[in-house]
Chemist: 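There's a structure below that I have some questions on.
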Amino acid sequence: MPQPIYVLNGPNLNLLGARETEIYGRQSLADIETAVAARAKSHGLETVFRQTNQEGILVNWVQEARDNASALILNAGAYAHTSIALLDACRAFGKPVIEVHLSNIFRREHFRRRTYISEGALGVIVGFGPQSYLLAIDALAAMGKDLK
Ligand code: DQA
C-alpha cells in the first residue's frame, strides 16, 4: 500500500455545515472526512485528514507530507488566493497535489479566480461540493502505481 494521502483543509472550513450554507452546503467537515476515508478505503488507500485556521501550520503539514504522504489533497480556503508560502511548500512536496474547492471559485467574486496553489498542483477540482474531495481521491486512485 502506498503512503497515506494527506487531505489538508485551511481556514474556516471547520465551520462547514453552519457557514454560508447556500454556498457550502450542510455537510460538516467531519461528514466529509468520513466520506473521504470510505472512498479511499474502497480504493485500498488511506487518508490523513486535518484542518487548521493557521497558514504556517498548513505549511508545516505540507512539509511533513514530504516524508509521510504519497499525495496531497489541499483545500486551502482563502489562503489559496493569497499564500505564496503554501505554493512554495506544494512545489517542494514533489509529489501529486490536487487542489480542491467546494464552491466554483470561478463564478464567485473576482478575487477568488486567482489561486496560487493551482500553479503547484497537478490538477484542480472545484464546484462539486463535498464531491470535489471524492473526485480527487478517485483521480489519485486512477494514478495507481504512480503513488509511492
Ligand atoms: C473555498 C473557496 C475559498 O474561496 C473560500 O475562501 C473558502 C472555501 C471552497 O472550498 O469553496 O474558504 O476554498
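Each residue takes its place number in the sequence, starting with 1. Computed over heavy atoms, backbone and side chain alike; hydrogens, waters and symmetry mates excluded. Atoms within each ligand, like the ligands themselves, are counted from 1 in listed order.
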Chemist: Tell me which protein heavy atom sits closest to atom 7 (C) of ligand 1, plus the residue, atom name and distance to 0.1 Å.
Modeler: Tyr24 OH, 3.5 Å
Chemist: Name the option, out of His81, Glu109, His101, that contains the heavy atom nearest to atom 13 (O) of ligand 1.
Modeler: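 Result: the heavy atom closest to atom 13 (O) of ligand 1 is in His101.
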Chemist: Considering only the protein, which heavy-atom contact is closest to atom 5 (C) of ligand 1, and what is its distance?
Modeler: Arg112 NH1, 3.3 Å
Chemist: May I ask you to decide if the ring planes of Phe111 and His81 are parallel, tilted or perpendicular, using 30° and 60° as cut-offs?
Modeler: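 Geometry flag for His81 against Phe111: perpendicular rings.
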Chemist: Report yes or no: does a heavy atom of Asn75 sit under 4.0 Å from some atom of ligand 1?
Modeler: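 Asn75 counts as a contact of ligand 1 under the 4.0 Å cut-off.
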Chemist: Are Ser132 and His101 close enough that some pair of their side-chain heavy atoms sits under 4.5 Å apart?
Modeler: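 SC-SC contact between Ser132 and His101 ruled out.
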Chemist: Would you say that Ile125 contacts Ile98 through its side chain, given a criterion of any heavy-atom pair below 4.5 Å between the two side chains?
Modeler: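 A side-chain contact exists here, since the closest heavy-atom pair is under 4.5 Å.
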Chemist: Once you restrict to heavy atoms under 4.0 Å, what part of Leu102 touches ligand 1? Side chain, backbone, both or neither.
Modeler: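 For Leu102, backbone and side-chain atoms both sit under 4.0 Å from ligand 1.
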Chemist: Can you tell me how far CD of Glu99 sits from OG1 of Thr115, rounded to the nearest 0.5 angstrom?
Modeler: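 Between atom OG1 of Thr115 and atom CD of Glu99 there are 3.5 Å.
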Chemist: Would you tell me whether Asn53 and Gln51 have side-chain atoms, one donor and one acceptor, within less than 3.5 Å of each other?
Modeler: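 Short answer, yes.
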Chemist: Please determine if Arg114 forms a cation-pi arrangement with Tyr116, meaning its NZ or CZ atom is less than 6.0 Å from the six-membered ring centre and no more than 45° off the ring axis.
Modeler: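 Pair Arg114/Tyr116 counts as cation-pi.
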Chemist: What protein heavy atom lies closest to atom 11 (O) of ligand 1? Include the residue and the distance to one decimal.
Modeler: Ser103 OG, 2.6 Å
Chemist: Do Val100 and ligand 1 have an N or O pair less than 3.5 Å apart?
Modeler: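 N/O-N/O distance below 3.5 Å does not exist for this pair.
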Chemist: So is Arg19 close enough to ligand 1, meaning a heavy atom under 4.0 angstrom away?
Modeler: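 Checking ligand 1 against Arg19, which is what was asked, there is a heavy-atom contact under 4.0 Å.
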